[in-house]
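Naming: A, B, ... by sequence-line order, numbering from 1 per chain.
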Amino acid sequence: MLEKNYNPKDFEEKIYADWEQSGDFMPDMHSSKDAFSIVIPPPNVTGVLHMGHALDDTLQDILVRYNRMLGKKVLWQPGTDHAGIATQMVVERNLAKEGISRHDLGREKFIETVWKWKEKSGGTICKQLRRLGASCDWSRERFTMDEGLSRAVRRIFVNLYKDGLIYKAKKLVNWDSKFGTAVSDLEVVQKETVGKMYYYKYPIEGEEGQYVHIATTRPETMFGDTAVAISKNNEKLKHLIGKKCIIPIINRAIPIIADDHADPEKGTGAVKITPAHDFNDFEVGKRHNLPMINVLNLDATLNENTPYPGLTTQEARAKTIETLTQMGLMDKIEDHPMVIPYGDRSGVVIEPLMTDQWFVDAPVLAKEAIRAVEQGEMEFVPKSYEKTYFEWMRNIQPWCISRQLWWGHQMPIWYGPDGTIFCEESEEEAQTAAEKHYGKSVALTRETDVLDTWFSSGLWAFSTLGWPDKTSYLDTFYPTSVLVTGFDIIFFWVARMMMMSMYMMKKVPFKKCYIHGLVRDEQGRKMSKSKGNTVDPMDTIEKYGADALRFFMAAMETQGRDINLNESRIAGYRNFATKLWNAARFGEMNGCQGRKDFDEKTVQHPVNKWIVAKAKQATKEVTDNLNNYRFSDAANAVYQFVWGTFCDWYIEMIKPIFYGNNEAEKAETKACFAWVLDRILVILHPFMPFITTELWNNTQQREVKLIHAAWPMAEEVNLEAINDIDWAIDLISAIRSLRAEMNLPASAKLNITLSGAGEDSRQHAAAFNTIICSLARLESLSCQNVEVTPDMVQSVFKECTMLLPLKGVIDFAAERDRLKKELETLNKNLEGYARKLSNPNFVEKAPQAVVEEEKRRQAEALENKAKVEKALARIANF
RNA sequence: GGGUGUGUAGCUCAGUGGUAUGAGCACUACGUUGACAUCGUAGGGGUCGCUGGUUCGAUCCCAGCCACACCCACCA
């Protein structure tokens, strides 16, 4: 028995637990069917589910469930990411509450603490994914830091190193002073700010009273200046080239050099060059062999190369300006709009800093990754994201992979006493290699840096399947079928996976990459904690059920567009679920359990034939749209069928059968109802897995679980059966409109006489009788002599409208106006058709079908015109 | 500065070279029909951003413009 009210909370969690315990999410490895696999974009282990996940994982689950019902071997591989910086940050914050810093604990103890934290609170997001209904194979859940994946990381690192694609170099990198680590270009965000431009001057050496005027936004870095650059095309200033100037305060002489980096139009035309603290200056420094003077400590305070060691950059800046002013060297200070780099996690200003770091030779790896997409081995959906991908890949810079953190994959690098590098997968192997190199056993020290989190994420598509071991899962499921992710992650992850997979596996990690947009708030603003406009999907699920949220995501997902969250719409999809629930209850109440003997191919009654055909048509639409990743079209096709066809019309049309006494018809209709409801449950299941399962389990005895029910394929749709009833629906709609238009009171009884006969009229009349019966009941109509053919109906109806004995009820003046207006429109259209059809250009150049259609319309309009004229004549005297 | 995308009903958005039978929500009127008021029936509401061009025909294709997003790079 179904409860009176649809209450998703009653069953959603219970149903999920059953699936998981019964192993329903595990692939049937013995099946001979194709494989379908998705690896989940691993959420941060520290993460909680947000609307972006809800969208991303709903789409994946729809594809997974759909393919599972197609009978394929389906694996949705779940797991989480150790998220180096993010996790270290969370754990450090917790420690800070107890007044402990990670340095108090020491590296080993700290890492232990992180693991403990992970065991205790790391699983939140996976629990939430279950609540959403994600049918991941949790028995295979992985973590980027677990032993298997760590082994994969070491293996690929050693391979890359030995191929010369990983190298160590002292370079200017983005330095995050909060975490004391290098970060990659991608982890730096540029923020617009109004800063200040400082104009001041450096005295020319040996020329009293002569100066070179410079402009800078960062005066405190002047102690690291090793030159001043002027363009050789700068007529005003080029006489200074070759001289030397003096850095005030520290009185160090630096050369004035010629370099086109100095744009005569910008600033003062002369640029101070600080190679150790600016990426452009670094390049200038390299060109001119300038020394590099580092003026910052790792915590972004000034160092002993400056007069202000220990001060922050802000403090030092103030101090520098003060001193320069006292010395009379300041020219002016102006407001200056500028962008300043910040760490995306830390929120502190990123400093370019010279440090020893490890790099992946991304430009080399990118080549294969580009080729694979060019040659269609991997396709983006929508295709336009290719451009973004190519653009970035073709301009890719070496990827800085070393992080001076504690939480992460420690690099498999060991140093000998003389600094020789041994890169091996284990300490033993490194020892062996060292022994071979030195001819004796020596003590090695391991590199303390860990790897960028995205390094291990880049291996996700194959490391989770067991690589580097040869496993059946790897054979079966790699390359994976599709990757579903947001566009914001293309560079971070998609690009890196492509590079790593092409390098190591020589195959793409996924055959398709479906890119979706962002979930925004109702006004289309980006959701962010600081704006306070985030919506917790768990709250939404609590309020409307997981099915409603999922359906919302699917229905709103149109390719290449962001989704604005819309609570009323989610409520609308909860109502949709309620509607289906009640329809099922209607079936239950009328004994529609069991459809054992029902064969939808031999169904008799026109209404049943019609709904069967409609159901098949809807199935085809859903199937086609899902195959093309058109989520919203697929969702809307089911929605429209369930509500607009099944509930609005079918149920209404079969009521007379249920309340009548033709037992044969009744029996067939009951079975048919059950069949259609089952069909709905099947095609709706990927979108709304919970309610469909609950109804599946409670409407009749089952041999298969819905999650494994077969998706119907390649059915023939009986279009004739569809027409048989569709015209009747049009008719009823027209009658209803007419009643409303005429303002008839509910009690008014209409007398409609339909007449006409045709060869095939009997069948249609049967259908029509059914309709009219329900209509009579609902619309207070009585109908006689019903015998019509579909193609007659329009005309019959038009006539009977006019013949309705409604004198005194109809406002005939208004009706005349309406008809006259219609006549006008028809005449106008007829003119248009005639003009077109007499235009030789149209007749010759337009497609034949279009011309035919035009002719048909013309004929139709002529016919209508005749009828309207006739009708006008009839009511002329009223 | 380079690039991408978006302007269609009050709102959020589908869609299409052939008269926009557009969707949901919101709105108006009516409705205690034996699944459902988390409902039903009917209705109002659009010069498809602007201007040109291509075409027999443009909301759709092309060009320009305006507006709004976003991405990349840089600004001494």
When we call it a touch if two heavy atoms are under 4.0 Å apart, what does A:R525 touch: a base, just sugar-phosphate, or nothing?
nothing
What is the distance, rounded to the nearest whole Å, between atom NZ of A:K579 and atom C1' of B:rA35?
8 Å
Starting at the 5' end of RNA chain B, what dot-bracket string do you get if Watson-Crick and G-U pairs under 3.5 Å are bracketed, crossing pairs use [ ], other-strand pairs use | and unpaired bases use dots?
(((((((..((((....[...)))).(((((.......))))).....(((((..]....))))))))))))....
Find the distance A:I490:CD1 to B:rU4:C1' and express it as a whole number of Å.
11 Å
Any chance you could measure A:I651, atom CD1, to A:F673, atom CZ, to the nearest 0.5 Å?
4.5 Å
Distance-only polar pair, side chains of A:Q559 and A:Y629, donor-acceptor under 3.5 Å:
no
Contact class for A:N280 vs. all strands (heavy atom < 4.0 Å): base, sugar-phosphate, or nothing?
sugar-phosphate
Parallel, tilted or perpendicular: which describes the rings of A:Y6 and A:F11, with under 30° parallel and over 60° perpendicular?
tilted
Distance check, P atoms only: B:rC27 and B:rA35, in whole angstrom units.
28 Å
Looking only at atom C1', what distance separates B:rG18 and B:rU55, rounded to whole Å?
12 Å
With rounding to the nearest 0.5 angstrom, report the OG1 to CD distance, A:T699 to A:E694.
10.0 Å
Partners meeting salt bridge (charged side-chain N to carboxylate O under 4.0 Å, His left out) with A:E391 (sequence neighbours left out)
none
Within the structure, does a side-chain N or O atom of A:R630 lie under 4.0 Å from either OP1 or OP2 of B:rG15?
yes
Close N or O pairs between protein and nucleotides 7-12 of chain B (under 3.5 Å):
| unit_1 | atom_1 | unit_2 | atom_2 | d |
| --- | --- | --- | --- | --- |
| B:rU12 | O3' | A:N564 | ND2 | 2.9 |
| B:rU12 | O2 | A:R569 | NH1 | 3.4 |

For B:rG5 versus B:rU51, give the span between their P atoms, rounded off to a whole number of Å.
24 Å
Check every strand shown and say whether A:S632 touches a base, only sugar-phosphate, or nothing at a heavy-atom separation below 4.0 Å.
nothing
If the cut-off is 4.0 Å, is A:N575 near the phosphate of B:rC39, judged by side-chain N/O to OP1 or OP2?
yes
Results of ring-ring contact (aromatic ring centres under 6.0 Å, His included) for A:F641 - residues two or more places apart only
none
Using the closest heavy atom to pick a nucleotide of RNA chain B for each, name whichever of A:D562 or A:R585 lands nearer the 5' end.
A:D562
Is the centre of the A:Y544 ring less than 6.0 Å from the centre of the A:Y573 ring?
no
In this structure, how many angstroms lie between the C1' atom of B:rG40 and the CZ atom of A:F576, rounded?
17 Å
Taking only the C1' atom of each, what is the distance from B:rG49 to B:rG2 in whole angstrom?
25 Å
Nearest-0.5 Å distance, OG1 of residue A:T692 to CG of residue A:L580
8.5 Å
In whole angstroms, the gap separating P of B:rC72 from CG of A:D488 amounts to 10 Å
Any idea which of B:rC39, B:rA14, B:rA35 is nearest the A:W643 side chain?
B:rC39
Heavy atoms only, 4.0 Å cut-off, all strands: where does A:T217 land among base, sugar-phosphate and nothing?
sugar-phosphate
Any base atoms under 4.0 Å from A:A262, or only sugar-phosphate, or nothing? Heavy atoms, all strands.
base
Take atom CZ of A:R520 and atom P of B:rC70, then tell me their distance rounded to the nearest Å.
6 Å
Could you give the distance from CH2 (A:W643) to CZ (A:F646), rounded to the nearest 0.5 Å?
14.0 Å
Would you say A:Y659 places a side-chain N or O within less than 4.0 Å of OP1 or OP2 belonging to B:rA35?
yes
Heavy atoms of other groups near A:E3 CD, more than 12 under 6.0 Å:
no
Look at the side-chain N and O atoms of A:K655 and state whether any lies under 4.0 Å from the OP1 or OP2 oxygen of B:rA35.
yes
Distance, P atom - from B:rC60 to B:rG7, rounded to whole angstrom
12 Å
Classify A:R574 by what it touches in the nucleic acid, base, sugar-phosphate, or nothing, heavy-atom distance under 4.0 Å.
base
Most 5' of A:E391 and A:Y573 on RNA chain B, judged by nearest nucleotide
A:E391
Using atom P in both nucleotides, what's the gap between B:rG40 and B:rG53 to the nearest angstrom?
49 Å
Nearest-Å distance for atom pair CZ/C1', residues A:F586 and B:rC39:
15 Å
Can you tell me if A:T558 touches the phosphate of B:rA14, counting only side-chain N or O atoms and a distance under 4.0 Å to OP1 or OP2?
yes
Nearest-Å distance once atom P is located in both B:rG22 and B:rU47
16 Å
Please state how far atom CD in A:Q190 lies from atom P in B:rG1, giving the value in whole angstrom units.
18 Å
For A:D225, salt bridge (charged side-chain N to carboxylate O under 4.0 Å, His left out) partners two or more places apart
A:K272
Between the protein and nucleotides 27-30 of chain B, which nitrogen or oxygen pairs come in under 3.5 angstrom?
none

Euclidean distance for P, B:rU41 against B:rC48 (whole angstrom):
31 Å
Regarding the side chain of A:T578, the nearest nucleotide among B:rU38, B:rC25, B:rA35 is B:rU38
Whole angstroms only, please: what is the CD-P distance between A:Q559 and B:rU6?
12 Å
Please confirm whether the backbone N or O of A:D624 pairs with a side-chain atom of A:N628, one donor and one acceptor, at under 3.5 Å?
yes
Cationic N near anionic O, under 4.0 Å, A:E542 to A:K9
yes
How many angstroms lie between atom CZ of A:F487 and atom NE2 of A:H516, to the nearest 0.5 angstrom?
9.0 Å
